[in-house]
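Below, all heavy atoms of this structure are taken into account, side chains as well, without hydrogens, waters or symmetry copies. Remember, it's a predicted structure, so these values are computed and weren't measured experimentally.
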Amino acid sequence: MSERLYAVRGAVKVSSNDVKAILDATEELMQELVLRNDLEPDRIVSCLFTATDDLNAEFPAVAARRLGLDAVPLLCTRELDVRNAMRGVIRVLVHYYAPADHTPAHAYLGEAQELRTDLHSAQ
């Protein structure tokens, strides 16, 4: 069966700006994306994490490394600081290879579901 490159999105709201909260929330998000998309570390090309300005106690990529993605290129950056946007949010964009008939399953967890109410399958 042929394969192609896919990208999947996800987001989670973090309870507070501390190391444990950031790592726990990011781990939950990544585990959900792995489960929903049957992702294997050797099929993941890269992960791009963003965090809102109020989250700076730890890099979200640390959680991905703890989950065994230490050979995957990971990058953390800042989310745009848009007025009235939800605070305390970590977002991720994961690039991966999967069979050509695969359907990406995004994951917006908890309060972050409000960010993409148009993606009913992501809830």
Exercise for the section: Would you list the pairs meeting ring pair (Phe, Tyr, Trp, His ring centres under 6.0 Å) in which at least one residue belongs to residues 1-42, sequence neighbours left out? Expected result: Y6-Y96, Y6-H102
Exercise for the section: Could I get the full list of side chain to side chain contact (heavy atoms under 4.5 Å, CB included) partners for S15, not counting sequence neighbours? Expected result: A21
Practice task
Would you please name every residue forming a side chain to side chain donor-acceptor pair (under 3.5 Å) with E32, sequence neighbours left out?
Solution key: R36
Exercise for the section: Taking side chain to side chain contact (heavy atoms under 4.5 Å, CB included) as the test, write out the residues that go with N84, two or more places apart. Expected result: none
Fill in the blank from the handout: The reported gap from CZ in R87 to CG in D54 (rounded to nearest 0.5 angstrom) is 4.5 Å
Practice task
Please check if the side chain of T52 supplies one atom and the backbone of G88 the other of a donor-acceptor pair under 3.5 Å.
Solution key: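 Answer holds: yes.
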Handout entry: Qualifying ring pair (Phe, Tyr, Trp, His ring centres under 6.0 Å) pairs with a residue from residues 39-81, counting only residues at least two apart or across chains
Key =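 Of all non-adjacent pairs touching residues 39-81, none passes ring pair (Phe, Tyr, Trp, His ring centres under 6.0 Å).
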Problem - Any donor-acceptor pair under 3.5 Å from N17 side chain to A57 backbone - result: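 Yes; judged by distance alone, with no hydrogens or angles, the pair exists.
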Problem - By side chain to side chain donor-acceptor pair (under 3.5 Å) - contacts of R65 (at least two apart) - result: none
Handout entry: Non-hydrogen atoms of V45 and P73 that approach each other most closely
Key =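 Taking V45 first and P73 second, the nearest heavy atoms are O-CD, 3.1 Å.
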Exercise for the section: Mark yes or no for whether N37, through its side chain, and A105, through its backbone, hold a donor-acceptor pair below 3.5 Å. Expected result: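 Looks like yes, one N/O pair under 3.5 Å.
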Problem - Nearest atoms (heavy-atom pairs only) where H106 meets A7 - result: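 So the minimum-distance heavy-atom pair works out to CE1-O, 4.1 Å.
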